[in-house]
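Down below is the structure, laid out as structure tokens.
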Amino acid sequence: QRHIVRNFKYPKEAKKNKIQGRVFVQFIVGTGGYIDIIKTRGPNDLLEKEAQRIISLLPRFVPGKIDGEAVRVPMSFPISFRLQ
């Protein structure tokens, strides 16, 4: 969550048009600990692109393991875009 707060930039066009909402992000942490696939679902493309950008900047994870072998792990995370 610290990563999201540090890297969050509300899209200027979305701010101008007062676009708000929650973007649901799904991604896979690969066997090397890197983000493999990012899917987003939200109220607007501008917000989805920003959520995708933030997640793509995540630092390397410790990969999940089953019986000592690294495996791909699906994760999901909501990101709320709210103007104040």
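Atom set for the values below is all heavy atoms of this structure, side chains included, hydrogens, waters and symmetry mates excluded. In what follows, residues are counted from 1 in the order of the sequence shown.
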Problem set entry | Sequence neighbours excluded, every pair satisfying salt bridge (charged side-chain N to carboxylate O under 4.0 Å, His left out) that has a member inside residues 9-19 | none
For this session: Hey, could you give me each pair passing ring-ring contact (aromatic ring centres under 6.0 Å, His included) that has a residue in residues 39-60? Not counting sequence neighbours.
Result: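 For residues 39-60, and leaving out neighbouring residues, there are no ring-ring contact (aromatic ring centres under 6.0 Å, His included) pairs at all.
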Exercise. Which pairs pass side chain to side chain donor-acceptor pair (under 3.5 Å) with one or both residues in residues 56-79, sequence neighbours excluded?
Worked result: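 Checked against side chain to side chain donor-acceptor pair (under 3.5 Å) - neighbours excluded - the pairs reaching residues 56-79 are Asp36-Arg72.
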Exercise. Between Gln26 and Pro74, is any pair of side-chain heavy atoms under 4.5 Å apart?
Worked result: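 A side-chain contact under 4.5 Å is absent here.
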For this session: Could I get the full list of side chain to side chain contact (heavy atoms under 4.5 Å, CB included) partners for Pro63, not counting sequence neighbours?
Result: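 Testing Pro63 for side chain to side chain contact (heavy atoms under 4.5 Å, CB included), a comparison that skips the adjacent residues, returns Ala70.
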Exercise. Of all residues at least two apart in sequence or in a different chain, which pass the side-chain hydrogen bond (donor to acceptor under 3.5 Å, both in side chains) check with Asp45?
Worked result: none
Problem set entry | With sequence neighbours excluded, residues passing salt bridge (Lys or Arg N to Asp or Glu O under 4.0 Å) with Arg22 | none
Problem set entry | With Glu48 via salt bridge (Lys or Arg N to Asp or Glu O under 4.0 Å) - residues at least two apart |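 Not a single residue meets the salt bridge (Lys or Arg N to Asp or Glu O under 4.0 Å) criterion with Glu48.
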Exercise. Apart from Ile19 itself, what residues make up its hydrophobic cluster when side-chain heavy atoms of I, L, V, M, F, W and Y under 4.5 Å apart count as a link, directly or indirectly?
Worked result: Ile4, Phe8, Tyr10, Val23, Val25, Phe27, Val29, Ile35, Ile38, Leu46, Leu47, Ile54, Ile55, Leu58, Phe61, Ile66, Val71, Val73, Met75, Phe77, Ile79, Phe81, Leu83
Exercise. How far does CZ of Arg53 sit from CG of Leu57, to the nearest 0.5 angstrom?
Worked result: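 These two atoms lie 5.5 Å from each other.
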